[in-house]
Every structure is written in C-alpha cells, then in structure tokens.
Protein chains: 2
Amino acid sequence: MSPTKEDYLKILFELGGRTEQVPNKEIANRLSISPPTVTEMMNSLVKAGWVVYTPYKGSKLTQEGTDYAKKLIRKHRLWEVFLVKHLGFNINEVHPEAELLEHSTSAELADRLEAYLEFPEYCPHGGAISTELMEEQEVSTVHLTEAVLGEPVRISRIVDEDKLLQYFENHDLRIGDRVTVTGRDSGLDLLTLNHGTTDKEIQISQTIAQYLFVEHI
Amino acid sequence: MSPTKEDYLKILFELGGRTEQVPNKEIANRLSISPPTVTEMMNSLVKAGWVVYTPYKGSKLTQEGTDYAKKLIRKHRLWEVFLVKHLGFNINEVHPEAELLEHSTSAELADRLEAYLEFPEYCPHGGAISTELMEEQEVSTVHLTEAVLGEPVRISRIVDEDKLLQYFENHDLRIGDRVTVTGRDSGLDLLTLNHGTTDKEIQISQTIAQYLFVEHI
DNA sequence: TTTTAAATTTAGGGTAACCTAAATAACAAC
DNA sequence: GTTGTTATTTAGGTTACCCTAAATTTAAAA
C-alpha cells in the first residue's frame with residue numbers, strides 16, 4: 001500500500017464512505033487533485049478490494065477498506081497525542097506531522113506507542129483512538145449543524161485541519177465547551193450559538209460548522 | 001525530496017561518498033536495484049545539486065548533499081534511541097522502523113525529539129547523533145579490518161542492518177567490547193580476534209568485519 | 001599490445017500517480 | 001420533454017522510478 005492510496009481510504013472514511021456513497025468530486029476537493037485522477041484511483045482501489053464503486057455515483061469502503069482506514073486514523077491520533085503531550089507541540093501544529101508519520105508506522109510500533117502513552121482514549125482534537133470507540137463516537141455525535149435547536153450540546157470533536165482549528169479558536173469554541181444552537185439561516189449560511197460558559201452569542205458559517213461534532217447532554 | 005532520493009543520498013554518505021567517488025555498482029548492491037537505475041538517478045541528483053558525478057567513475061556528494069545526508073542520519077538515529085529507550089524495542093528490530101520514520105520527520109520534530117530524549121550522543125548501534133560528532137567519529141574510528149595487528153581496540157559502532165547485528169551478536173561482539181586483532185588471512189577472508197573480556201579467540205569474515213568500527217585505545 | 005572480463009551506459013519498456021481537454025451522463029429547470 | 005448545467009469519464013500526455021537487453025567503456029590479463 002502506497003501512502004497515496006492510504007490517503008484516499010482515510011479521506012473516504014472521513015467523508016462517510018463507511019455507510020454512504022461518496023461522490024468523486026468531494027474526494028478531489030479534499031485531496032486537491034483533479035476528478036479524473038480520482039476516477040482512475042477508484043478503479044485501482046476496487047481492484048485491490050478496498051472500495052465498491054458505482055460509476056457516476058460514488059464509492060463506498062468495503063469492510064477491509066473500513067478496517068484499514070480506521071487503523072490509519074488510530075496511528076494518526078496516537079502520534080498527535082505523543083507530539084502534544086511529550087514533545088510540546090501546539091494542538092494546531094500536529095496535524096501535518098501526524099499526516100506523514102501515520103504512513104510510516106507499523107502495527108507493532110503503533111501498539112507500543114499506545115502502551116507508552118498509557119492508552120489514551122482521545123486525540124487532542126477529541127477523536128477516539130481505539131477502533132471500537134471510533135464506531136461509538138460516530139453514533140453518539142452529530143455535526144453541529146444537525147444539533148436540535150435550543151438543546152444544549154457538548155463539543156466533542158473538531159476535524160483537525162489547522163485552518164479550521166484556527167477558525168474555531170478565533171470564535172472561542174473548544175473541545176468540552178457546552179453550546180446551544182439558537183438559530184439557523186441556511187440562506188445566509190449562518191448558525192447562531194449560545195456559549196454555555198460565557199453566555200455570549202456566537203455566529204459561525206454553517207458550512208464550516210459541519211466540521212464540529214457535538215454530543216447531546 | 002522523495003524518500004527514494006533521500007535513500008540514495010544516505011547510502012552514498014555511508015559508502016564514503018563525502019570524500020571518495022562511489023561506483024554505481026556499490027549503490028545498486030546496497031539498494032538492491034539495477035545499475036541502469038542508479039545511472040539515471042545520479043543524473044537527476046546532479047541536476048538537483050546534491051551530487052557530482054563522473055561517468056564510468058562514480059559519484060561524490062556535494063556539500064549540500066553531505067549536509068542533507070547527515071540530517072537524515074541524525075533523524076534515523078534519534079528515532080532508534082526513542083524506539084529502544086522508550087518503546088522497549090530490541091536493538092536489532094529498530095532499523096527498519098527508523099528507516100521509514102526518518103523520511104517523515106520535519107526539522108522541528110527532530111529538534112523536539114532530540115530535546116525530549118535529553119540530547120543523546122549515540123544511537124543504540126554506537127552511531128553519533130549530532131552532525132558535528134558524526135564528523136569526529138568518522139575520523140577517530142576505523143573499520144575493524146584496518147585495526148593494527150596486536151593493538152587493542154574498542155568497538156564503537158556497528159552498521160545497523162538487522163542481519164549484521166545478528167551475526168556480530170552470535171560472535172559475542174558488542175559495542176564497548178575491547179578486542180585485539182591477532183591474525184588476518186585475506187585469502188581465506190578470515191580475521192582472528194582476541195576478546196578482551198572473555199579472552200576467547202573469535203574468527204569472523206573479513207568482508208563482514210568492515211561493518212564494525214573500532215577506536216584505538 | 002591485444003584480448004577478455006567487468007562495469008557502465010544507452011535504448012526501449014512498464015507502472016503509479018498526476019494532469020488537461022473533450023466527450024458523455026445525470027439531473028434540475030423550464 | 002427538451003434544455004442547460006454540473007459531475008464524471010475517456011483520451012492522451014507527463015514525470016518518477018523501476019526493469020531487461022544490448023552496446024560501450026574501462027581496466028585487467030595474456
């Protein structure tokens with residue numbers, strides 16, 4: 001498996017490819033490559049058994065593909081914990097480092113690293129580390145955009161892209177914070193929140209709010 | 001820089017390409033690739049300024065190439081220290097792991113790792129970590145095959161290839177051990193040693209003895 | 001000095017992973 | 001249901017890194 005192919009599997013997982021068909025365009029956008037390249041790669045991933053592909057519709061991960069993606073994400077998150085906890089990296093610096101390291105990590109190394117870190121449950125962005133917890137987290141959390149109006153939720157995970165982290169940081173939104181969605185304007189792409197601790201009103205883009213995962217409390 | 005090109009630079013350094021012209025065949029052997037591939041790659045490394053290449057003769061590293069190779073070797077050795085000291089890996093298991101990790105390590109990460117490890121001087125195989133110490137070590141150590149007959153030496157470094165480590169381990173040769181070369185038979189490719197601690201006689205292949213570096217004491 | 005052996009290069013080819021431009025399919029709007 | 005827009009695929013091309021077979025250069029041996 002090449003790092004390139006591994007990236008496709010991971011992105012597919014992150015875009016919901018475990019349960020739904022992910023259109024090529026989404027993958028092309030996330031990886032900043034052209035759509036024809038995605039088509040080509042999907043055919044190759046199908047041949048290798050990682051993906052089921054329906055032309056013009058999109059791709060879904062097979063069970064093997066899902067398992068592989070989860071292992072990669074686990075490695076990624078383990079490295080993030082190490083980089084933050086032991087090497088003193090800032091939370092919004094670790095993503096690109098872990099992105100590289102995950103592809104160079106054997107199963108043996110991942111297991112030993114996990115033990116060394118004393119079996120952390122979550123990465124610095126709130127993502128579950130054990131593959132079992134990953135499933136659970138997927139069920140129990142929803143995109144902030146899907147939270148019920150007026151009901152308080154707790155921020156449990158932030159998709160770790162450095163620019164997004166900066167955006168949420170700038171709006172005083174952090175893991176563990178309690179917020180309540182008070183308004184939604186799809187026309188203006190706006191989401192209005194009430195911050196549980198400061199009781200301040202916060203406005204963020206609905207599109208970007210998709211990258212925040214919350215749990216009802 | 002691709003991991004592939006990085007490997008070429010590192011091998012070149014290890015084969016003495018800092019001071020001497022290394023023939024293509026040696027590189028081909030060490031990387032287990034065909035000679036034409038080496039020729040092709042050398043032309044590419046020349047164009048990028050890492051290497052000076054004389055057709056039919058061999059290649060030497062430029063100053064930039066040397067510096068780059070040293071940085072890679074430093075990263076490699078830092079990871080080895082981490083894997084052995086903190087993750088409990090066996091010394092002869094760490095080489096392949098570090099071989100992968102070194103290519104995914106930013107300068108920032110290397111520096112932080114080094115500090116975390118409390119600035120170790122040597123890797124588990126006795127190789128110097130700081131780029132300055134690397135130069136010094138190169139001057140002060142010689143291949144075991146070049147040790148003066150009858151004069152005691154101390155084993156200071158073992159080239160870290162798992163198979164070699166096993167070979168030396170099997171002959172009770174470890175870093176720090178004092179030995180004296182008592183005989184040399186180039187026809188039979190044999191080197192006879194006296195082990196300083198056990199006073200036993202040891203016979204090893206001269207070809208393989210090149211991968212042991214010693215210091216006169 | 002000529003011959004022979006070994007190392008190296010040239011020639012020609014393959015796969016992976018990218019690209020652009022053009023053709024086609026899907027879907028939404030009228 | 002035709003039309004137009006958007007997504008996707010097909011066609012054809014590029015670069016990096018690998019290969020084998022054949023030609024060439026170098027160096028050693030006769």
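Below, read A as the first sequence line, B as the second, and so on, with proteins coming before strands; counting in each chain starts at 1.
Whole-Å rounding puts the A:Glu26 CD to D:dT6 P distance at 17 Å. Counting to the nearest Å, the P atom of D:dT20 and the CD1 atom of B:Ile33 are 12 Å from each other. The distance from atom CG of A:Asn43 to atom C1' of D:dT8 is 12 Å, rounded to the nearest whole Å. In this structure, A:Lys25 places its NZ atom 16 Å from P of D:dT5, rounding to the nearest Å. Here D:dT8 presents its P atom at 7 Å from OH of A:Tyr53, a figure rounded to the nearest Å. Here the P atom of nucleotide D:dT25 and the CG atom of B:Asn24 are 16 Å apart, to the nearest Å. Counting to the nearest Å, the P atom of D:dT14 and the CD atom of A:Glu40 are 15 Å from each other.
With respect to A:Glu6 and A:Lys71, no salt bridge is recorded, no charged nitrogen being found less than 4.0 Å from a carboxylate O. One finds a salt bridge joining B:Glu14 and B:Arg30 here, because a Lys/Arg side-chain nitrogen approaches an Asp/Glu carboxylate oxygen to under 4.0 Å.
With rounding to the nearest 0.5 Å, the separation of CG in A:Asp67 from CG in A:Leu9 is 11.0 Å.
Comparing atom distances between the A:Pro55 side chain and each of D:dC18, D:dT9, D:dA27 picks out D:dT9 as nearest. Distances from the side chain of B:Lys5 to the nucleotides D:dA16, D:dT9, D:dC18 place D:dA16 closest.
For the OP1/OP2 pair of D:dC19 and a distance below 4.0 Å, the side-chain nitrogens and oxygens of B:Thr37 include at least one atom meeting the criterion. Contact check, B:Tyr8 against D:dC18: a side-chain N or O comes under 4.0 Å of OP1 or OP2. Taking 4.0 angstrom as the limit, B:Lys57 places a side-chain polar atom (N or O) nearer than this to OP1 or OP2 of D:dA27. A close approach under 4.0 Å does not occur between any side-chain nitrogen or oxygen of B:Ser34 and OP1 or OP2 of D:dC18.
Taking the ring centroids of A:His95 and A:His76, they lie under the 6.0 Å cut-off.
Between A:Tyr56 and A:Ser44, the residue anchored closer to the 5' end of DNA chain C is A:Ser44, taking for each the nucleotide with the nearest heavy atom.
The span of DNA chain C lying next to chain B, judged by atoms under 4.0 Å from heavy atoms, is bounded 5' to 3' by C:dA7 to C:dT10.
Side-chain contact, A:Gln21 with A:Thr54: a donor N or O sits under 3.5 Å from an acceptor N or O. With hydrogens and angles left out, the side-chain atoms of A:Tyr211 and A:Asp160 include no donor and acceptor closer than 3.5 Å.
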Listed pairs under 3.5 Å, donor-acceptor, residues 108-116 of chain A side chains, sequence neighbours left out:
{"residue": "A:Glu108", "atom": "OE2", "partner": "A:Arg112", "partner atom": "NE", "Å": "2.7"}
{"residue": "A:Glu108", "atom": "OE2", "partner": "A:Arg112", "partner atom": "NH2", "Å": "3.2"}
{"residue": "A:Asp111", "atom": "OD1", "partner": "A:Arg74", "partner atom": "NH2", "Å": "2.8"}
{"residue": "A:Arg112", "atom": "NH1", "partner": "B:Leu87", "partner atom": "O", "Å": "2.8"}
{"residue": "A:Arg112", "atom": "NH1", "partner": "B:Gly88", "partner atom": "O", "Å": "3.0"}
{"residue": "A:Glu114", "atom": "OE1", "partner": "A:Arg74", "partner atom": "NH2", "Å": "2.7"}
{"residue": "A:Tyr116", "atom": "OH", "partner": "B:His86", "partner atom": "ND1", "Å": "3.2"}
{"residue": "A:Tyr116", "atom": "OH", "partner": "B:Tyr116", "partner atom": "OH", "Å": "2.2"}

